[in-house]
Amino acid sequence: MTDTFNVTASYDKAQYNSGDTMTINISGGDVLTQVVQNQTQSGSLSLTITAADGAVTSVPLQSVTINSQSTTTTPESVKLTGIADSSGRVWTINANGLSATAIA
Amino acid sequence: MTVSLTITAADGAIGNVLLPAPNVVTSTLTDNGKSGAPAGAPQFPSLFANYKVRPPFNAPGADYRVGFDTNKYPTTASMKNPMPNGLSGKPDAGLGPNAVYSNDHRITINDNNVTVEGYDFSLNGGLLVYAAANNITIDNCYFKIGANARGCIGMVGAGLMVTNCELDGGGINTNPAAPLIQFYGTGSMVLRYCYLHSSYYQHVQFSFANPSNIFQYNLFVNSGFGGAGQGAHGDWIMQAGGNFPDIEVNGNVFIQNTLNTVAQTQGISLCAVDPSLTTTFNVINNVLISTGGTGGSGTGNTNYLVIMYEGGWSGVASVKNNYCDPTSCLGFNNNGNPWLFNGTAKAGSSLVVSGNINMLNGASLDAHST
């Protein structure tokens, strides 16, 4: 099971003045990829063998294991759950989990 | 500096997105009127969001509000009716004891030193305030041209100050033709902290012999809804003849952002007609934005940001430190700059064009032709 994030984040303005409210918005999502290993048993076999003179016999064969795998992908929603700003600025994550704000 | 975002998927998986630090302008902006501005939200707080360069000064309408003070008047509904007893009654006492209403939808102020404060002149179909006395102040009032199709303010007295007012032309053709404000008096004229928008003709026209004309800390948005083809000049500010010892256009924001089929302007137009008198003309620390069409072609909506007929004046003129977006300026691509200084000034006159910046790329806009 793997998660592939395809999320972009951006500021709502190219430039802020001190005191402005800054907003970061995220968009996109996650794709969950699941690979399932499957094993099935073939049935047992009985082979009919016929000699040149017409004599007939049968030979049994044991069942064998057949391995296979299937892959499923599921899109999933994402939320912003944490922000670490190296400048020490404190960001507040909005209730929708898709944006955060801070004062410039 | 970076900002690291933790992203959590619905299944609990955790990812990470790294952002560069936000671009915060930490240098202190020059006050440019902010400390004296009316309370309330600015009209265009994101005006500079998409420009490479913004002005180093606070801009009216973007960094602070202009128009009426919303602490005093949260909405126009909290303002007074200038005709509280209907149009058949007398004007409110606050307009002066000798104020008169006339049937052409005009209230004439006849008393000197009156301060008209906190009135909604959009009521009753929209009323014109006519300052016929001296030293009149109009403060914290709202004007909107309505069914009466009259201009907002006229002046024939000596001395008029208009502050903290909003004037909305509504794009309505006035009858008789009039700008939002017509200064035709003889004393000083001051327009400060006002928001003028959607005029059919000019936002402001001034003439005759005002010794001092000050336009400071105002927001002007979209003039000329009549369009050039209909004879409306649509200037942001138009000098219409007379002698002008001092003209100051400082610290304002001018925006023209409609298609030219909606509104078209000549920009700031000053054309003194008596070169025998000395004029000081300053256009400094303004924001001049022309968008909505293609510059240098028929789809532009602004002739020039500033037009001055150099041959018609004598004195000192400065066009300095203005921050501009000339995208939709018709003259811009024709001669490489958004200014037009036409003719040759009288000997001894000087013209300084410096420090003007194109906000789109930070380049100088000082080049000009005469």
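Heavy-atom basis, side chains included; hydrogens, waters and symmetry copies ignored. Naming: A, B, ... by sequence-line order, numbering from 1 per chain.
Heavy-atom pairs under 4.5 Å with chain B peak, among A/Thr2, A/Asp30, A/Ile83, A/Ile26, at A/Ile83. Interface summary for chain A: among B/Ile7, B/Asn50, B/Val3, the most heavy-atom pairs under 4.5 angstrom belong to B/Ile7. Residue with the most contacts toward chain B among A/Gly97, A/Ala14, A/Gly29: A/Ala14 (heavy-atom pairs, distance under 4.5 Å).
Taken from CE in A/Met22 to CG in B/Asn23, the straight-line distance is 10.5 Å, to the nearest 0.5 Å.
With a 4.5 angstrom heavy-atom cutoff, A/Ile93 does not touch chain B via any of its atoms. With a 4.5 Å cut-off on non-hydrogen atoms, A/Asp85 touches chain B through its backbone and its side chain both.
With sequence neighbours left out, B/Asp63 forms a salt bridge (charged side-chain N to carboxylate O under 4.0 Å, His left out) with B/Arg54. Scored by the salt bridge (charged side-chain N to carboxylate O under 4.0 Å, His left out) test, A/Asp20 finds no partners at all (sequence neighbours excluded).
Proximity to chain A at a heavy-atom threshold of 4.5 Å picks out B/Thr8, B/Ala9, B/Ala10, B/Asp11, B/Ala13, B/Ile14, B/Gly15, B/Val17, B/Leu19 from residues 8-19 of chain B, in numerical order. Residues from residues 34-49 of chain B that place a non-hydrogen atom less than 4.5 Å from a non-hydrogen atom of chain A comprise B/Pro45, B/Ser46, B/Ala49, given in numerical order.
When the shell of 6.0 Å around CD of A/Gln41 is examined, it contains more than 12 heavy atoms from other residues, nucleotides or ligands.
Looking only at side-chain heavy atoms (C-beta outward), B/Pro22 and A/Arg89 come within less than 4.5 Å of each other.
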